[in-house]
Asks: 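Let me give you the structure first, and then I'll get to my questions.
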Amino acid sequence: MRRSVVHTLTWPILLRLAKLEPIMDSAVDSFATNRANWDERAPIHAASTSYAVDQFPTDPALLSDVVRFDRERLGDLTGLRALHLQCHIGTDTLSLARLGATTTGLDFSAASLREARQLAEAAGEPITYVESNVYDAPSALDQRRFDLIYTGIGALCWLPDIERWAAVVAELLAPGGRLFLREAHPMLYALDEERVDDLVLRYPYFETPDPLVWLDSSTYADPTAHITAATTHEWNHSIGEIITALLGQGLTLTSFVEHQSVPWEALPGRMTLRNDGEYVLNEHPERLPLTYTLTAERRD
């Protein structure tokens, strides 16, 4: 996916960490900008072959590629109360339900949730979906607690403050509950994806106050699609910042695994598609972590 970065701008949103109050904006509402983009992406993604939405109702054993990749690490989900943050069109959410969890999905895009609800109904799974941004999730979910919080690929880059995210995760986890996170590696996000000759750092590795503002009318699930709400605001968060934020909320890190693969062609022209739906570097994949899986527990 080739994109053009436009500029950075000052982040004006007040994040009230202590009370976990709803976010407030002044000059720029990055969530509204990103929501418009994802509202357009949702039906395109639901119709694309990469999400395999049409196969789920006819194949009750089908799991999404992302969930299947971590199937052994997820363990037994039978009877667990699971929350999927930033669930998009719900293929991962449905997969968690098929593994035995009582599942709730949360996303800020109404269009994404329409697709997710249609998929769950077609597949015969009683999944609850809630419309909210992540930072407002505790109030949107009526302060409910969950045994498993799941976040999948490509979610954290849409959030400006990783400490705020960690505080929300800690508030939503029940005692003994577990966070399960599989994400794109921040080192991947820092690379210049347009360089075809070598791996070159171009963008911030660490979280910055100002987002990168991208202009991209395409989408990874269908490169031929044209999105009119083409502007997005994104932030990177370093591995250290993510882990430190979770530890700062009293969570215990229980596993951390870096992977040499990613489920989309993140560096066009330099990657090969494997049989499991993951892409790896054509040459010397050991040079670069592309994704990671992290688990943490609330033990109080």
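Fair warning: this is a prediction, and the values are worked out from it, not measured in the lab. In this chain, residues are counted from 1 in sequence order.
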Asks: Side chain of Thr58, backbone of Gln55: donor and acceptor closer than 3.5 Å?
Replies: yes
Asks: Can you say whether the rings of Tyr135 and Phe31 are parallel (under 30°), tilted (30 to 60°) or perpendicular (over 60°)?
Replies: perpendicular
Asks: For the pair Gln118 (side chain) and Ala122 (backbone), establish whether a donor and an acceptor sit closer than 3.5 Å, ignoring hydrogens and angles.
Replies: no
Asks: What's the separation between atom CG in Leu294 and atom OG in Ser255, rounded to the nearest 0.5 Å?
Replies: 6.5 Å
Asks: Starting from Val280, can I reach Leu188 by hopping between I/L/V/M/F/W/Y residues whose side chains sit under 4.5 Å apart?
Replies: no
Asks: Return yes if a side-chain donor-acceptor contact under 3.5 Å exists between Thr151 and Glu183, otherwise no.
Replies: no
Asks: Give a yes or no answer on whether the side chain of Ser95 reaches the backbone of Ser64 with a donor-acceptor pair at less than 3.5 Å.
Replies: yes
Asks: Within the distance-only criterion (no hydrogens, no angle test), does the side chain of Gln249 pair as donor or acceptor with the backbone N or O of Val169 below 3.5 angstrom?
Replies: no
Asks: Which atom pair, heavy atoms only, marks the closest approach of Ala101 to Ala82?
Replies: CB-CB, 3.7 Å
Asks: With sequence neighbours excluded, tell me which residues meet ring-ring contact (aromatic ring centres under 6.0 Å, His included) with His88.
Replies: Trp38, His45, Tyr51
Asks: Is there a side-chain contact between Val262 and Met271, using heavy atoms and a 4.5 Å cut-off?
Replies: yes
Asks: Determine whether a donor-acceptor pair (N or O, by modelled atom type, separation under 3.5 Å) exists between the side chain of Arg270 and the backbone of Glu193.
Replies: yes
Asks: Restricting to pairs with a member in residues 110-134, which pass salt bridge (charged side-chain N to carboxylate O under 4.0 Å, His left out), not counting sequence neighbours?
Replies: none
Asks: Return the minimal non-hydrogen interatomic distance between Gln86 and Ala155, and the atom names on each side.
Replies: NE2-O, 2.8 Å
Asks: Which is it for Thr254 and Thr295 under the side chain to side chain donor-acceptor pair (under 3.5 Å) test, yes or no, and what are the steps along the way?
Replies: CA-CA 6 Å; Thr254 51; Thr295 62; 2.6 Å; yes
Asks: Using modelled atom types and a 3.5 Å cut-off, is there a donor and acceptor pairing between side-chain atoms of Arg145 and backbone atoms of Pro175?
Replies: no
Asks: Between Asp197 and Arg195, is there a salt bridge with N-O shorter than 4.0 Å?
Replies: yes
Asks: Applying side-chain contact (heavy atoms from CB on, under 4.5 Å) to Ile239 and Tyr205, what does each step give before you reach the verdict?
Replies: CA-CA 9 Å; Ile239 291 295; Tyr205 173 77; 3.8 Å; yes
Asks: Is there a path of hydrophobic side-chain contacts, each under 4.5 Å between heavy atoms of I, L, V, M, F, W or Y residues, that connects Val257 with Leu156?
Replies: no
Asks: List the atom of Thr93, the atom of Thr103, and the distance in Å for their closest heavy-atom pair.
Replies: CG2-CG2, 3.3 Å
Asks: How many angstroms lie between atom CD of Glu40 and atom OG1 of Thr219, to the nearest 0.5 angstrom?
Replies: 10.5 Å
Asks: Side chains of Tyr150 and Val66, heavy atoms from C-beta outward: is any pair under 4.5 Å?
Replies: yes
Asks: Between Arg178 (side chain only) and Leu74 (backbone N and O only), is there a donor and an acceptor less than 3.5 Å apart?
Replies: yes
Asks: Please examine the side chains of Pro204 and Leu212, heavy atoms only from C-beta on, and report whether any two atoms are closer than 4.5 Å.
Replies: yes
Asks: Would you say that His185 contacts Thr291 through its side chain, given a criterion of any heavy-atom pair below 4.5 Å between the two side chains?
Replies: no
Asks: For Glu286, is the CD atom crowded, meaning more than 12 foreign heavy atoms sit under 6.0 Å from it?
Replies: yes
Asks: Starting at CD1 of Ile153, measure out to CH2 of Trp264 and round the result to the nearest 0.5 Å.
Replies: 6.0 Å
Asks: Donor-acceptor pair, distance only, cut-off 3.5 Å: does the side chain of Arg287 make one with the backbone of His284?
Replies: yes
Asks: So, Thr232 versus Asn34: side-chain donor-acceptor pair below 3.5 Å or not?
Replies: no
Asks: ring-ring contact (aromatic ring centres under 6.0 Å, His included) with Phe69: which residues, sequence neighbours excluded?
Replies: His259
Asks: Is there a path of hydrophobic side-chain contacts, each under 4.5 Å between heavy atoms, that joins Leu288 and Val200?
Replies: no
Asks: Whether the Asp210 and Thr208 side chains hold a donor-acceptor pair (N or O, under 3.5 Å, no angle test) is what I'd like checked.
Replies: no
Asks: Is Asp39 reaching over with its side chain to a backbone N or O of Ser109, donor-acceptor style, under 3.5 angstrom?
Replies: no
Asks: For residues Ala229 and Asn37, report the shortest heavy-atom separation together with the two atoms involved.
Replies: O-ND2, 2.9 Å
Asks: Is there a path of hydrophobic side-chain contacts, each under 4.5 Å between heavy atoms of I/L/V/M/F/W/Y residues, joining Tyr220 to Leu191?
Replies: yes
Asks: Hey, are Thr293 and Asp70 close enough side-chain-wise for a donor-acceptor pair under 3.5 Å?
Replies: yes
Asks: So, His237 side chain and Leu159 main chain: donor-acceptor pair closer than 3.5 Å or not?
Replies: yes
Asks: Are any of the side-chain heavy atoms of Val168 and Pro138 separated by less than 4.5 Å?
Replies: yes
Asks: Which residues pass the side-chain hydrogen bond (donor to acceptor under 3.5 Å, both in side chains) test with Glu278, sequence neighbours left out?
Replies: Arg182, Ser261
Asks: May I have the step-by-step check of side-chain contact (heavy atoms from CB on, under 4.5 Å) for Thr104 and Arg144, ending in yes or no?
Replies: CA-CA 11 Å; Thr104 299; Arg144 279 184 286 157; 3.9 Å; yes
Asks: Who clusters with Ile227? Use side-chain heavy atoms, under 4.5 angstrom, across I, L, V, M, F, W and Y, and order the result by chain and number.
Replies: Ile44
Asks: Is there side-chain contact between Cys87 and Leu113, with heavy atoms separated by less than 4.5 Å?
Replies: yes
Asks: Would you say that more than 12 heavy atoms from the other residues, nucleotides or ligands in this model lie under 6.0 Å from the CD of Gln143, or not?
Replies: yes
Asks: Is the ring centre of Tyr292 less than 6.0 Å from the ring centre of Phe256?
Replies: yes
Asks: If you take all heavy atoms of Asn236 and Ala190, which pair is closest and at what distance?
Replies: ND2-N, 4.0 Å
Asks: Run the side-chain contact (heavy atoms from CB on, under 4.5 Å) check on Leu99 and Arg71 step by step: do they pass?
Replies: CA-CA 9 Å; Leu99 294 178; Arg71 176 66 192 93; 3.2 Å; yes
Asks: Just wondering, do Leu290 and Pro285 contact through their side chains at under 4.5 Å, heavy atoms?
Replies: no
Asks: When rounded to the nearest 0.5 angstrom, what distance separates OG in Ser50 from CG in Asp222?
Replies: 8.0 Å
Asks: Can you tell me how far the CD1 atom of Ile149 sits from the CG atom of Leu179, to the nearest 0.5 Å?
Replies: 6.5 Å
Asks: Side chains of Ile89 and Leu119: does their closest heavy-atom pair fall under 4.5 Å?
Replies: no
Asks: Let me confirm one number: the CD-CH2 distance from Glu207 to Trp235, rounded to the nearest 0.5 Å.
Replies: 9.5 Å
Asks: Quick one: closest heavy-atom pair of Thr91 and Phe56, and the distance?
Replies: CG2-CE1, 3.8 Å
Asks: Can you name the ring-ring contact (aromatic ring centres under 6.0 Å, His included) partners of Phe206, sequence neighbours left out?
Replies: none
